[in-house]
Amino acid sequence: MQIFCRVIDLNGFAAAARDLNLSPSVVTRLINELEEHLGSRLINRTTRKLVLTEAGERYLEQVRRILADVAQVEAEVGSDTAEPRGVLKVLAPPAFAAHQLAPILPRFRALYPHIAIDLSAPGMVETLDENFDVSIIAAQGKPLDGSFVARRLASSSVVLCASPTYLKQCGRPTHPQELLRHDMLSPKRPCELTFYPEPGDPSEGSRLQPLTLVLPSPALSTGHLETTHHATVAGMGIGGFPSYVIAQALAQGTLERVLPQWRLFEMGIYAAIPSRRHLPAKTRAFFDFLVSTFGGEDRDPWLGKAADPPALTRLRVKHA
(Lines give C-alpha, C1' and ligand atoms only; values in the text may rest on other atoms or scores of the structure.)
Protein backbone atom coordinates (compact mmCIF):
# COMPACT_ATOMS: atom_id res chain seq x y z
CA MET A 1 0.00 0.00 0.00
CA GLN A 2 2.77 2.42 0.89
CA ILE A 3 4.68 1.66 -2.31
CA PHE A 4 1.52 2.08 -4.39
CA CYS A 5 0.96 5.53 -2.88
CA ARG A 6 4.57 6.59 -3.51
CA VAL A 7 4.37 5.48 -7.13
CA ILE A 8 1.31 7.66 -7.66
CA ASP A 9 2.65 10.62 -5.64
CA LEU A 10 5.96 10.64 -7.56
CA ASN A 11 4.36 9.66 -10.88
CA GLY A 12 6.73 6.90 -11.67
CA PHE A 13 8.16 3.55 -10.67
CA ALA A 14 11.78 4.71 -10.88
CA ALA A 15 11.15 7.83 -8.77
CA ALA A 16 9.34 5.79 -6.13
CA ALA A 17 12.16 3.24 -6.13
CA ARG A 18 14.76 5.98 -5.47
CA ASP A 19 12.61 7.49 -2.70
CA LEU A 20 12.13 4.12 -1.00
CA ASN A 21 15.73 2.97 -1.58
CA LEU A 22 14.53 0.00 -3.61
CA SER A 23 15.36 -1.19 -7.09
CA PRO A 24 12.83 -0.32 -9.86
CA SER A 25 12.33 -4.02 -10.57
CA VAL A 26 11.29 -4.65 -6.95
CA VAL A 27 8.78 -1.79 -7.04
CA THR A 28 7.35 -3.06 -10.36
CA ARG A 29 7.08 -6.61 -9.01
CA LEU A 30 5.31 -5.52 -5.82
CA ILE A 31 2.75 -3.43 -7.70
CA ASN A 32 2.11 -6.35 -10.05
CA GLU A 33 1.64 -8.66 -7.04
CA LEU A 34 -0.74 -6.14 -5.47
CA GLU A 35 -2.87 -6.02 -8.63
CA GLU A 36 -2.84 -9.81 -8.87
CA HIS A 37 -3.89 -10.08 -5.23
CA LEU A 38 -6.77 -7.63 -5.76
CA GLY A 39 -7.72 -9.15 -9.10
CA SER A 40 -7.90 -5.73 -10.70
CA ARG A 41 -5.63 -3.39 -12.62
CA LEU A 42 -4.85 -0.25 -10.66
CA ILE A 43 -2.51 1.63 -13.00
CA ASN A 44 -2.44 1.99 -16.78
CA ARG A 45 1.19 2.36 -17.82
CA THR A 46 2.24 4.44 -20.81
CA THR A 47 5.68 5.52 -21.93
CA ARG A 48 5.13 9.05 -20.61
CA LYS A 49 2.90 8.82 -17.54
CA LEU A 50 0.89 6.65 -15.20
CA VAL A 51 -2.89 6.79 -15.23
CA LEU A 52 -5.04 5.39 -12.45
CA THR A 53 -7.88 3.15 -13.46
CA GLU A 54 -11.29 3.69 -11.89
CA ALA A 55 -10.54 0.85 -9.46
CA GLY A 56 -7.14 2.41 -8.79
CA GLU A 57 -8.71 5.74 -7.85
CA ARG A 58 -11.11 4.09 -5.41
CA TYR A 59 -8.29 1.96 -3.97
CA LEU A 60 -5.96 4.97 -3.57
CA GLU A 61 -8.61 6.92 -1.63
CA GLN A 62 -9.20 4.03 0.80
CA VAL A 63 -5.48 3.21 1.15
CA ARG A 64 -4.58 6.78 2.11
CA ARG A 65 -7.21 6.62 4.89
CA ILE A 66 -5.92 3.25 6.10
CA LEU A 67 -2.28 4.39 6.15
CA ALA A 68 -3.25 7.54 8.07
CA ASP A 69 -5.01 5.39 10.67
CA VAL A 70 -1.97 3.12 10.92
CA ALA A 71 0.32 6.12 11.42
CA GLN A 72 -1.93 7.45 14.19
CA VAL A 73 -2.04 4.08 15.98
CA GLU A 74 1.75 3.71 15.76
CA ALA A 75 2.20 7.22 17.16
CA GLU A 76 -0.11 6.46 20.08
CA VAL A 77 1.57 3.14 20.86
CA GLY A 78 5.00 4.73 20.52
CA SER A 79 4.11 7.46 22.99
CA ASP A 80 2.81 4.79 25.40
CA THR A 81 6.20 3.07 25.19
CA ALA A 82 8.11 6.33 25.66
CA GLU A 83 6.09 8.12 28.37
CA PRO A 84 4.95 6.55 31.66
CA ARG A 85 1.16 6.87 31.62
CA GLY A 86 -1.99 4.77 31.65
CA VAL A 87 -3.44 2.05 33.89
CA LEU A 88 -0.90 -0.45 35.27
CA LYS A 89 -2.32 -3.85 36.24
CA VAL A 90 -0.42 -5.44 39.14
CA LEU A 91 -0.90 -8.86 40.77
CA ALA A 92 0.52 -9.48 44.25
CA PRO A 93 0.06 -11.75 47.31
CA PRO A 94 -2.41 -10.11 49.73
CA ALA A 95 -0.01 -9.70 52.65
CA PHE A 96 2.73 -8.25 50.45
CA ALA A 97 0.23 -5.86 48.87
CA ALA A 98 -0.98 -4.66 52.27
CA HIS A 99 2.31 -4.44 54.16
CA GLN A 100 4.77 -3.50 51.41
CA LEU A 101 3.09 -2.17 48.27
CA ALA A 102 0.46 0.03 49.93
CA PRO A 103 3.04 2.09 51.92
CA ILE A 104 5.21 2.78 48.85
CA LEU A 105 2.51 3.45 46.23
CA PRO A 106 2.09 7.13 47.26
CA ARG A 107 5.77 7.74 46.46
CA PHE A 108 5.42 5.97 43.11
CA ARG A 109 2.33 8.05 42.36
CA ALA A 110 4.24 11.23 43.18
CA LEU A 111 6.97 10.22 40.74
CA TYR A 112 4.55 9.14 37.99
CA PRO A 113 1.24 11.03 38.40
CA HIS A 114 -0.07 9.82 35.02
CA ILE A 115 0.04 6.14 36.03
CA ALA A 116 -2.98 4.64 37.80
CA ILE A 117 -2.54 1.32 39.65
CA ASP A 118 -5.06 -1.50 39.25
CA LEU A 119 -3.94 -3.85 42.05
CA SER A 120 -5.30 -7.38 42.47
CA ALA A 121 -4.43 -9.53 45.50
CA PRO A 122 -6.69 -12.62 45.48
CA GLY A 123 -4.18 -15.08 46.98
CA MET A 124 -0.66 -16.47 46.73
CA VAL A 125 1.14 -15.75 43.48
CA GLU A 126 3.60 -18.47 42.44
CA THR A 127 4.02 -17.71 38.72
CA LEU A 128 3.36 -14.97 36.18
CA ASP A 129 -0.19 -14.16 35.13
CA GLU A 130 -0.18 -12.71 31.60
CA ASN A 131 -3.38 -10.79 32.33
CA PHE A 132 -1.27 -8.38 34.39
CA ASP A 133 1.55 -6.00 33.48
CA VAL A 134 3.57 -6.97 36.58
CA SER A 135 3.19 -10.03 38.83
CA ILE A 136 4.78 -10.05 42.30
CA ILE A 137 5.75 -13.68 42.95
CA ALA A 138 6.60 -15.26 46.30
CA ALA A 139 8.41 -18.55 45.62
CA GLN A 140 9.60 -20.96 48.30
CA GLY A 141 12.76 -22.99 47.84
CA LYS A 142 12.75 -23.45 44.06
CA PRO A 143 13.79 -21.42 41.00
CA LEU A 144 11.10 -19.84 38.88
CA ASP A 145 10.13 -21.80 35.80
CA GLY A 146 8.35 -20.30 32.80
CA SER A 147 8.75 -18.32 29.60
CA PHE A 148 8.73 -14.89 31.21
CA VAL A 149 11.17 -12.33 32.61
CA ALA A 150 11.58 -12.13 36.40
CA ARG A 151 13.86 -10.11 38.66
CA ARG A 152 14.46 -10.89 42.31
CA LEU A 153 13.39 -8.04 44.55
CA ALA A 154 14.52 -9.55 47.86
CA SER A 155 14.39 -12.63 50.05
CA SER A 156 12.08 -12.99 53.02
CA SER A 157 12.53 -15.34 55.96
CA VAL A 158 9.47 -16.79 57.70
CA VAL A 159 9.99 -16.40 61.45
CA LEU A 160 8.05 -16.84 64.70
CA CYS A 161 6.67 -13.85 66.58
CA ALA A 162 4.52 -13.09 69.61
CA SER A 163 3.31 -10.02 71.45
CA PRO A 164 5.22 -8.75 74.52
CA THR A 165 2.05 -9.36 76.56
CA TYR A 166 1.87 -13.02 75.59
CA LEU A 167 5.58 -13.60 76.25
CA LYS A 168 5.31 -11.93 79.65
CA GLN A 169 2.37 -14.12 80.63
CA CYS A 170 3.43 -17.44 79.09
CA GLY A 171 7.23 -17.22 78.97
CA ARG A 172 9.70 -17.11 76.11
CA PRO A 173 10.60 -20.49 74.53
CA THR A 174 14.29 -21.24 74.07
CA HIS A 175 13.94 -24.34 71.86
CA PRO A 176 11.38 -25.40 69.20
CA GLN A 177 10.31 -28.38 71.35
CA GLU A 178 8.99 -25.96 73.96
CA LEU A 179 6.42 -24.69 71.43
CA LEU A 180 4.33 -27.80 72.19
CA ARG A 181 3.49 -26.15 75.53
CA HIS A 182 2.51 -22.81 73.95
CA ASP A 183 -0.56 -21.47 72.15
CA MET A 184 0.36 -21.67 68.48
CA LEU A 185 -1.31 -19.97 65.51
CA SER A 186 -0.86 -21.89 62.27
CA PRO A 187 -2.30 -22.23 58.74
CA LYS A 188 -3.81 -25.67 59.35
CA ARG A 189 -4.53 -28.33 61.94
CA PRO A 190 -2.46 -30.37 62.61
CA CYS A 191 0.55 -28.40 61.41
CA GLU A 192 4.01 -29.72 60.62
CA LEU A 193 6.80 -27.17 60.90
CA THR A 194 10.47 -27.58 60.00
CA PHE A 195 12.86 -25.22 61.77
CA TYR A 196 16.18 -24.21 60.22
CA PRO A 197 19.04 -22.65 62.17
CA GLU A 198 19.80 -19.10 61.08
CA PRO A 199 22.96 -19.03 58.91
CA GLY A 200 25.92 -17.18 60.31
CA ASP A 201 24.53 -16.95 63.83
CA PRO A 202 27.40 -17.37 66.33
CA SER A 203 25.10 -18.97 68.89
CA GLU A 204 24.45 -22.64 69.33
CA GLY A 205 21.58 -22.47 66.86
CA SER A 206 23.92 -22.07 63.89
CA ARG A 207 25.45 -25.48 64.65
CA LEU A 208 22.14 -27.32 64.92
CA GLN A 209 20.44 -29.42 62.24
CA PRO A 210 16.95 -28.72 60.90
CA LEU A 211 14.23 -29.88 63.27
CA THR A 212 10.67 -30.95 62.32
CA LEU A 213 7.87 -30.49 64.82
CA VAL A 214 4.18 -31.47 64.58
CA LEU A 215 1.66 -29.17 66.29
CA PRO A 216 -1.36 -31.42 66.84
CA SER A 217 -3.82 -28.79 68.05
CA PRO A 218 -2.99 -25.10 67.40
CA ALA A 219 -4.94 -22.51 69.34
CA LEU A 220 -5.95 -20.95 66.02
CA SER A 221 -5.70 -22.42 62.53
CA THR A 222 -6.49 -20.23 59.53
CA GLY A 223 -5.02 -19.73 56.09
CA HIS A 224 -5.77 -16.01 56.26
CA LEU A 225 -2.44 -14.46 57.19
CA GLU A 226 -3.85 -11.07 58.17
CA THR A 227 -6.17 -12.71 60.72
CA THR A 228 -3.23 -14.59 62.21
CA HIS A 229 -1.22 -11.37 62.28
CA HIS A 230 -3.88 -9.40 64.17
CA ALA A 231 -4.53 -12.29 66.57
CA THR A 232 -0.81 -12.52 67.34
CA VAL A 233 -0.54 -8.77 67.98
CA ALA A 234 -3.57 -9.10 70.28
CA GLY A 235 -1.70 -11.68 72.38
CA MET A 236 -3.42 -14.91 71.37
CA GLY A 237 -0.21 -16.87 70.84
CA ILE A 238 2.86 -17.45 68.66
CA GLY A 239 2.59 -17.24 64.88
CA GLY A 240 4.91 -17.59 61.91
CA PHE A 241 5.16 -14.75 59.37
CA PRO A 242 7.24 -13.63 56.39
CA SER A 243 9.56 -10.86 57.49
CA TYR A 244 7.87 -8.42 55.09
CA VAL A 245 4.66 -8.79 57.11
CA ILE A 246 6.05 -8.19 60.60
CA ALA A 247 8.91 -5.72 59.93
CA GLN A 248 6.89 -2.71 61.07
CA ALA A 249 5.47 -4.52 64.11
CA LEU A 250 9.00 -5.54 65.16
CA ALA A 251 10.22 -1.96 64.75
CA GLN A 252 7.31 -0.60 66.79
CA GLY A 253 7.61 -3.29 69.48
CA THR A 254 4.08 -4.63 69.06
CA LEU A 255 5.63 -7.99 68.16
CA GLU A 256 8.86 -9.64 69.25
CA ARG A 257 10.71 -12.38 67.46
CA VAL A 258 10.57 -15.81 69.13
CA LEU A 259 13.47 -18.26 68.78
CA PRO A 260 15.56 -15.75 66.75
CA GLN A 261 18.23 -18.39 66.14
CA TRP A 262 15.70 -20.35 64.05
CA ARG A 263 13.57 -19.65 61.00
CA LEU A 264 10.87 -21.72 59.28
CA PHE A 265 11.86 -21.23 55.62
CA GLU A 266 12.83 -18.56 53.12
CA MET A 267 10.97 -17.16 50.13
CA GLY A 268 12.23 -15.35 47.07
CA ILE A 269 10.23 -12.24 46.16
CA TYR A 270 10.24 -11.51 42.40
CA ALA A 271 8.75 -9.01 39.99
CA ALA A 272 7.77 -10.73 36.73
CA ILE A 273 6.79 -9.35 33.32
CA PRO A 274 5.77 -11.25 30.18
CA SER A 275 8.67 -9.99 28.03
CA ARG A 276 11.31 -7.27 27.68
CA ARG A 277 10.27 -6.59 24.06
CA HIS A 278 8.38 -3.33 23.52
CA LEU A 279 8.04 -2.84 27.27
CA PRO A 280 5.60 0.03 27.99
CA ALA A 281 7.09 2.93 29.91
CA LYS A 282 4.55 2.50 32.73
CA THR A 283 5.69 -1.12 33.25
CA ARG A 284 9.38 -0.21 33.08
CA ALA A 285 8.86 2.60 35.60
CA PHE A 286 7.11 0.37 38.15
CA PHE A 287 9.52 -2.53 37.60
CA ASP A 288 12.57 -0.33 38.23
CA PHE A 289 10.85 1.35 41.17
CA LEU A 290 10.31 -2.03 42.86
CA VAL A 291 13.94 -3.08 42.34
CA SER A 292 15.20 0.25 43.67
CA THR A 293 12.91 0.15 46.70
CA PHE A 294 13.52 -3.43 47.84
CA GLY A 295 17.16 -3.77 46.78
CA GLY A 296 17.04 -6.39 44.02
CA GLU A 297 19.36 -8.76 45.92
CA ASP A 298 19.24 -12.21 47.49
CA ARG A 299 18.98 -10.92 51.05
CA ASP A 300 16.27 -10.08 53.56
CA PRO A 301 15.88 -6.27 53.85
CA TRP A 302 13.23 -6.54 56.57
CA LEU A 303 15.04 -8.48 59.32
CA GLY A 304 17.63 -6.44 61.16
CA LYS A 305 16.50 -3.23 59.46
CA ALA A 306 12.90 -3.26 60.62
CA ALA A 307 13.17 0.35 61.67
CA ASP A 308 13.73 1.45 58.07
CA PRO A 309 10.47 1.20 56.07
CA PRO A 310 10.90 0.18 52.43
CA ALA A 311 9.55 3.55 51.26
CA LEU A 312 12.72 5.19 52.61
CA THR A 313 15.15 2.67 51.14
CA ARG A 314 16.99 4.14 48.16
CA LEU A 315 19.28 1.81 46.24
CA ARG A 316 20.70 1.82 42.72
CA VAL A 317 18.21 0.80 40.05
CA LYS A 318 19.16 -2.35 38.14
CA HIS A 319 17.38 -2.70 34.81
CA ALA A 320 15.80 -5.96 33.69
Side-chain angles (χ1 to χ4, degrees), residues 77 80-140 144 146 148-156 158 187 222-230 233 241-249 251 267-276 278-296 300-302 306 308-315 317-320:
V77 173
D80 178 61
T81 304
E83 183 181 357
R85 63 171 54 247
V87 177
L88 182 74
K89 299 183 67 177
V90 179
L91 178 67
F96 192 87
H99 291 272
Q100 296 302 319
L101 290 186
I104 66 174
L105 287 181
R107 182 159 63 93
F108 179 77
R109 177 72 174 174
L111 292 171
Y112 303 100
H114 299 298
I115 299 178
I117 304 294
D118 184 350
L119 177 61
S120 295
M124 288 303 297
V125 182
E126 297 180 338
T127 189
L128 175 122
D129 187 328
E130 293 187 351
N131 294 313
F132 295 86
D133 298 302
V134 179
S135 298
I136 308 297
I137 299 173
Q140 176 187 345
L144 297 184
F148 54 87
V149 178
R151 173 67 189 273
R152 181 186 288 270
L153 300 179
S155 294
S156 178
V158 178
T222 174
H224 191 252
L225 192 60
E226 286 300 282
T227 298
T228 304
H229 177 254
H230 285 289
V233 172
F241 303 95
S243 57
Y244 62 75
V245 171
I246 43 82
Q248 184 177 13
M267 295 186 296
I269 311 299
Y270 301 86
I273 55 179
S275 171
R276 289 192 183 96
H278 309 303
L279 190 65
K282 62 183 180 181
T283 305
R284 165 64 69 185
F286 190 65
F287 194 90
D288 289 347
F289 176 79
L290 291 175
V291 173
S292 175
T293 298
F294 296 112
D300 193 325
W302 298 287
D308 296 331
L312 302 181
T313 305
R314 301 181 182 274
L315 298 174
V317 173
K318 297 181 179 179
H319 295 283

Indicate yes or no: at least one non-hydrogen side-chain atom of [X] is less than 4.5 angstrom from one of [Y].
X      : Y      : result
Ile136 : Leu290 : yes
Thr228 : Pro187 : no
Pro242 : Leu225 : yes

Shortest non-hydrogen separation from [X] to [Y] and the atoms involved:
X      : Y      : answer
Asp133 : Val87  : OD2-O, 3.8 Å
Ala102 : Pro106 : O-CD, 3.3 Å
Glu226 : Ala95  : OE2-CB, 4.2 Å
Pro94  : Ala121 : CG-O, 3.3 Å
Phe287 : Ala271 : CE1-O, 3.4 Å
Ser135 : Asp129 : OG-N, 3.2 Å

Distance (rounded to the nearest 0.5 Å) between [X] [atom1] and [Y] [atom2]:
X      : Y      : atom1 : atom2 : result
Gln100 : Gln248 : CD    : CD    : 9.0 Å
Ile273 : Arg151 : CD1   : CZ    : 11.0 Å
Leu279 : Arg284 : CG    : CZ    : 5.5 Å
His99  : Trp302 : NE2   : CH2   : 12.0 Å

- Would you please name every residue forming a ring pair (Phe, Tyr, Trp, His ring centres under 6.0 Å) with Phe108, sequence neighbours left out?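 In terms of ring pair (Phe, Tyr, Trp, His ring centres under 6.0 Å), with neighbours along the sequence ignored, Phe108 is linked to Tyr112, Phe286, Phe289.
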
- Item | Contacts of Phe96 that satisfy ring pair (Phe, Tyr, Trp, His ring centres under 6.0 Å) - sequence neighbours left out |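 For Phe96, the residues satisfying ring pair (Phe, Tyr, Trp, His ring centres under 6.0 Å) (neighbours in sequence not counted) are Tyr244, Phe294.
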
So, using side-chain hydrogen bond (donor to acceptor under 3.5 Å, both in side chains) as the criterion, who are the partners of [X] when residues are at least two apart?
X      : result
His230 : none
Glu130 : none
Thr222 : none

- Message: Set out, in order, the CA-CA distance, both residues' side-chain angles and the distance that settles side chain to side chain contact (heavy atoms under 4.5 Å, CB included) for Val158 and Gln140, then state yes or no.
- Response: CA-CA 10 Å; Val158 178; Gln140 176 187 345; over 6 Å; no

- side chain to side chain contact (heavy atoms under 4.5 Å, CB included) with Ala138: which residues, sequence neighbours excluded?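 So Ala138 forms a side chain to side chain contact (heavy atoms under 4.5 Å, CB included) with Pro93, Met124, Met267, Ile269.
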
- Check for a donor-acceptor pair, side chain of Ser156 on one end and backbone N or O of Ser243 on the other, with a separation under 3.5 Å.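 Side chain of Ser156 to backbone of Ser243, a donor-acceptor pair under 3.5 Å: yes, one is there.
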
